[in-house]
Trainee: 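Here's a structure for you.
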Amino acid sequence: MSENTSAESATDSPKNHLYLVDGSAYIFRAYHRLPPLTNPEGTPVGAVYGYTTMLWKLAEDLDKADGPTHLAVILDKSSHSFRNDIYPEYKAHRPDPPEDLVPQFPLIRDATRAFSLPLVEEPDVEADDMIASYARAAQAEGWDVTIVSSDKDLMQLVGELEGPGGKGRIDMLDTMKDARIFIPEVEEKFGVRPEQLGDVLALMGDSVDNIPGIYGVGPKTASKLISENGSLAAALDAAPDMKKSKLKERLLEGRESAELSRVLVTLREDCPLPIALDDMRLDGIPPGPLAEFLEAHGFHSLSKRLEAGSGSPGRKTNLDNVARDTKGADAAPEGNRQPLPEWPAIDRSAYACVQDEAALEEWIARAMATRIVAVDTETSELDAIRADLVGVSLALGAGDACYIPLGHLNEGGGGSDMFAEKPKQVPLEKAIALLKPLLESDAVIKVFHNGKYDLNVLARHGIAVGPIDDTMIMSFDMDAGRQLEGIGGGHGMDELSERHLGHTPMAFKEVCGTGKKAIPFGEVPLDKATEYAAEDAEVTWRLYHHLKPRLPLEGAVRVYERVDRPLIPVVAQMERHGIKVDRAQLSRLSEEFATEMARVEKEIFAEAGQEFTIGSPKQLGEILFDKLGYKGGRKGKSGQYSTDQAVLEKLDGEGAAIASKVLEYRQLAKLKNTYTDALQAAINPDTGRVHTSYSLTGAQTGRLSSTDPNLQNIPIRTAIGRQIREAFVPEDGNVLLAADYSQIELRLAAHMADVDALKEAFAAGEDIHSRTAREMYGEVDRDTRAAAKTINFAILYGISRWGLAGRLDVEPDEAQAMIDRYFERFPGIQKYIVHTLERVREKGYSETLFGRKTWFPRITSKNPNERAGSERAAINAPIQGTSADIIKRAMARMMPALEDAGLGPRDGKGVRMLLQVHDELVFELPEGDVAAASPVIERVMAEAALPAVQLDVPLGIEIGHGASWDAAH
DNA sequence: GCTATCACG
DNA sequence: GACGTACGTGATAGCT
């Protein structure tokens, strides 16, 4: 980390913060979560790899505010402890670890040594006890402690205590979920305070460790008993007075067992400490041993990162530099292409075409065993909501893929010979029945590229696919905005295949043709279809194994796992819901607009003295400026006159009647062509509703975008345009409900730039533009408020005196004076801008509060125009992107929260989330549910940043409902 | 396929 | 000191 950044953040001397890594528990989880990789010698290293990236990530946080100053790894040394002595059955029925995990245990030690980290392994002491002892010892010294684990037993330690050395805090970090666990999280999970957790655990027991607890008492009952009675002893004592019940009997009978369990779950906090706390200080990671280790196990991507950042050989280096300084490496044209695992070249001729049930069953069984399967669907058309399923392809490994045709007609098309036999295929119904358990199995990760599409296609066949991963979203979360010279910056499969695998997949048009000669996929001959479809699945499989391990290295795990990945099925469901539009209303408006256009057109021709194409800016410009002689400059390299709204309004102000008529004509044409006509055409004949498609990778900042049709730009600002909103309606008996974040970007700016005056204003519920006007001008009236509003937005968008001058119609000097005044009144803003730009120049990317990166390669451009443009975008991206992260989190939590409140889908109805418009969510719900649903929706939205981010400003929500989208505002 | 325009946040 | 600069999108018409 560069000196200036640390100087800014580290004004106070950093508090000691000990990280204790529960290594043994981690590798079990890593094993079950990660793909079964092997090193060059064939030793399985999937869990080791996960462990290595975890340590890397922790070391990366070294200089961060809440990062480690001290770190140690604790491992279990032997299977015997004091618990076996008092209870021989303890952990007696543990199954042996999986065969391919056993050889990884010693490698965990190697990995730890490779990072030069202290390693604690004591015989006859369990890791949990050792962790507890170290945690308490550090806490007593007034240190903060983070236990890197998600073991529920360790949650007993969470909390804050005043020791001889000051106040020390113990929390936990679940690196797989990237979640901090503190008192509220424990309370949420177990319903009791951490210090009461031992009592709950004693009652409920633990089948894995063979802790008996009380038979028939599970987490729910245990938590209830303890929270009601205060403690285990009190709960047991209260049992004789309970009214007769099964539970009473069990408590009376199980008293001894519970008391034994209480001892077993108690952590020993007084183990002798083999390594002194001070010796756990983390100064830096010497690169030598680490490089050797990474190399030996074929962790090429990590090796490369280490090389890229290590500087002079042998120098002790801080991993923060190593892992983060990726700019240099990635700026090279091939920089983004990492060494690949040793896969054979893709061979399209090797794919299987699955045409009978037996073969399909075998593929499905193998997929179940493999636990990770790449899936791709082929369909009759692009629109997922209308598309029919034509086939499914699966990939289980490199060179191990198949295509399952399901809806193919005979080659050359169905129309020409309707009696032609179809190719042999597993009947669709049968295939769906066989695939459903695989695609819905919790134990198997289904990997897609743009899975939202496939989810929608498969949902039509009653398959609720999950859990999924998505290589398109992974790519977006790591590489948004990143453009490599000559390689492009998109996230399409073909592009990623070129970029990361160096392989050009078969082009769709090669298979189906293009333009008028295009044929539907169902008419492609099976051999060709198999090559194309199975290749897509295999490419997805390979991309997954390339991209997934990169996620932690790029710091993209949190945004992928906590924001974007959970959103995929949610957005898919919104698309399937669609929204009802009133066709008659739209049609009426179309006619009305057409009549008006004809009238205005006549008037324009009269003014112009001739007929011309009003919609042609070129012709219009010539009429206005050449023929009629109005003043107005040329524009751009096209040499064409500008005739946009600003120009025409100016002309209108100067008395040119034709200008306002053209504006009116344009407005009508826009509304008719883009909305009233197009929306009618977009109604799905099967559902009678309009189904937009959201792009999850469309906007570099992390926002969604909406296409076919775009429902994120339906008019609202003018009365005439709002008539179109009136055509968006609920089904009978329902209403539409709109909930939006009020001024979310300004609130985030106030938080992120730490502007006290703005934070106060939001906390007090003031009108923010009025407050700005008061700060800037000392008085608030219509004019000063309007100017303040303009300036507030200018700030969000990256300000310039010329831009502001243009908007406010003042001289740039005066605009500059206003900017200076703004910075003076809100000093945090200028600091934020300067700091943000410094960071982007240094790192190459901006970051949101949730860690979403947007890359700005042109921030260093020699072209001042280009560079300035990047700077403005870079100032805006963290704010716009954080807002996007927040509403995405709200969306992912919304339906579960409504379901918890009993408001979920009921006989196909209930509350349905239909649309997202950046800071607004639109729902359709039975009128009778409005009162119950509104507070739930409001709470989920208002709390969406928590617990990951605690904002200094409240998030205000405005909610309305009515018989149309317009009425809901 | 590109440019200009304008709808939204 | 300049920069025919407010940020982020998508659809349409006209024109090459």
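Proteins get letters first, then strands, A, B, ... in listed order; numbering begins at 1 in each.
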Trainee: Grab the CD-P distance between E622(A) and dG14(C) for me, whole Å please.
Mentor: 15 Å

Trainee: Count the heavy atoms of every other residue, nucleotide or ligand shown that sit under 6.0 Å from CZ of R893(A), and state whether that count exceeds 12.
Mentor: yes

Trainee: For Q645(A), which contact category applies under a 4.0 Å heavy-atom criterion: base, sugar-phosphate, or nothing?
Mentor: sugar-phosphate

Trainee: Counting side-chain heavy atoms from CB outward, which of dA6(C), dC6(B), dT5(C) is closest to F793(A)?
Mentor: dA6(C)

Trainee: Less than 3.5 Å apart, any donor N or O on the side chain of T643(A) or R666(A) sitting next to an acceptor on the other?
Mentor: yes

Trainee: In whole angstroms, how far is the P atom of dG8(C) from the CG atom of D919(A)?
Mentor: 17 Å

Trainee: Within the structure shown, what part of the strands sits under 4.0 Å from R717(A) by heavy-atom distance: base, sugar-phosphate, or nothing?
Mentor: base

Trainee: Does one side chain, of N684(A) or R689(A), offer a donor that lies under 3.5 Å from an acceptor on the other?
Mentor: no

Trainee: What does the 5'-to-3' dot-bracket notation of DNA chain C look like when only Watson-Crick and G-U wobble pairs under 3.5 Å count, and pairs to other strands show as |?
Mentor: ......|||||||||.

Trainee: Output all residues satisfying salt bridge (charged side-chain N to carboxylate O under 4.0 Å, His left out) with R771(A), sequence neighbours left out; order by chain, then residue number.
Mentor: E760(A), E766(A), E775(A)

Trainee: Report which part of the nucleic acid A794(A) touches: base, sugar-phosphate, or nothing (heavy-atom distance under 4.0 Å, all strands).
Mentor: base

Trainee: Rounded to the nearest angstrom, tell me the gap between atom CD in E920(A) and atom P in dT9(C).
Mentor: 20 Å

Trainee: Of the candidate nucleotides dC6(B), dT5(B), dA6(C), which contains the atom at the shortest distance from the side chain of R807(A)?
Mentor: dA6(C)

Trainee: Quick one: side chain to side chain donor-acceptor pair (under 3.5 Å) partners of Y797(A), sequence neighbours excluded?
Mentor: none

Trainee: Atom CG of L837(A) to atom P of dT5(C): distance rounded to whole Å?
Mentor: 19 Å

Trainee: Side chain of Q880(A) only, please: which of dG8(C), dT9(C), dC8(B) is the nearest?
Mentor: dG8(C)

Trainee: Within the 4.0 Å heavy-atom criterion, would you say L711(A) contacts the bases, only the backbone, or no part of the nucleic acid?
Mentor: nothing

Trainee: To the nearest Å, how far apart are I791(A) CD1 and dC7(C) C1'?
Mentor: 17 Å

Trainee: Nearest to the side chain of Y797(A), which nucleotide is it out of dG8(C), dT5(C), dC7(C)?
Mentor: dC7(C)

Trainee: Rounded to whole angstroms, how far apart are CD on E871(A) and C1' on dC7(C)?
Mentor: 14 Å

Trainee: Please classify the nucleic acid contact of I799(A) as base, sugar-phosphate, or nothing, using heavy-atom distances under 4.0 Å.
Mentor: nothing

Trainee: Identify each donor-acceptor pair in which a side-chain atom of residues 804-816 of chain A lies under 3.5 Å from a protein atom, sequence neighbours left out, and give them as a table.
Mentor:
| residue | atom | partner | partner atom | Å |
| --- | --- | --- | --- | --- |
| Q816(A) | OE1 | R801(A) | NE | 2.9 |
| Q816(A) | OE1 | R801(A) | NH2 | 3.4 |
| Q816(A) | NE2 | D820(A) | OD1 | 3.0 |

Trainee: How would you list, by chain and number, every residue that makes a side-chain contact (heavy atoms from CB on, under 4.5 Å) with V729(A), sequence neighbours excluded?
Mentor: K580(A), D582(A), S964(A)

Trainee: Round to the nearest Å and state the distance from Q712(A) atom CD to dC6(B) atom C1'.
Mentor: 16 Å

Trainee: Measure the distance from CD1 on I875(A) to C1' on dT5(C) and round it to the nearest whole Å.
Mentor: 12 Å

Trainee: If the P atom of dA6(C) is compared with that of dT5(B), how far apart are they to the nearest Å?
Mentor: 14 Å

Trainee: Counting side-chain heavy atoms from C-beta on, which of dT5(C), dT5(B), dG9(B) comes nearest to N865(A)?
Mentor: dT5(C)

Trainee: Would K759(A) and D754(A) pass as an ion pair if we require N to O under 4.0 Å?
Mentor: yes

Trainee: Tell me which nucleotide among dG14(C), dA7(B), dG8(C) gets nearest to the side chain of S616(A).
Mentor: dG14(C)

Trainee: Measure all distances between protein nitrogen or oxygen atoms and nitrogen or oxygen atoms of nucleotides 10-13 of chain C, and list the pairs falling under 3.5 Å.
Mentor:
| residue | atom | partner | partner atom | Å |
| --- | --- | --- | --- | --- |
| dG10(C) | OP1 | S705(A) | OG | 2.8 |
| dG10(C) | O4' | N710(A) | ND2 | 2.9 |
| dA11(C) | OP1 | D708(A) | N | 2.9 |

Trainee: Show which side-chain atoms of residues 596-604 of chain A pair as donor or acceptor with protein atoms under 3.5 Å away, not counting sequence neighbours.
Mentor:
| residue | atom | partner | partner atom | Å |
| --- | --- | --- | --- | --- |
| E596(A) | OE1 | R599(A) | NH2 | 2.7 |
| R599(A) | NH1 | E603(A) | OE2 | 3.1 |
| R599(A) | NH2 | E664(A) | OE2 | 3.3 |
| E603(A) | OE1 | K661(A) | NZ | 3.1 |

Trainee: Taking only residues two or more places apart in sequence or in another chain, which ones pass salt bridge (charged side-chain N to carboxylate O under 4.0 Å, His left out) with R747(A)?
Mentor: none

Trainee: Using only modelled atom types and a 3.5 angstrom limit, is any donor from either the side chain of R872(A) or the base of dT5(C) paired with an acceptor on the other?
Mentor: yes

Trainee: Does anything in residues 692-730 of chain A pair up under ring pair (Phe, Tyr, Trp, His ring centres under 6.0 Å), and if so which pairs, sequence neighbours excluded?
Mentor: F728(A)-W965(A)

Trainee: From the set dT5(B), dC8(B), dT16(C), return the single nucleotide nearest to any side-chain atom of S642(A).
Mentor: dT5(B)

Trainee: OP1 or OP2 of dC7(C) sitting under 4.0 Å from any side-chain N/O of Q700(A)?
Mentor: no

Trainee: Contact class for S883(A) (heavy atom, under 4.0 Å): base, sugar-phosphate, or nothing?
Mentor: nothing

Trainee: For atom C1', what is the distance between dC6(B) and dA2(C), given to the nearest Å?
Mentor: 30 Å

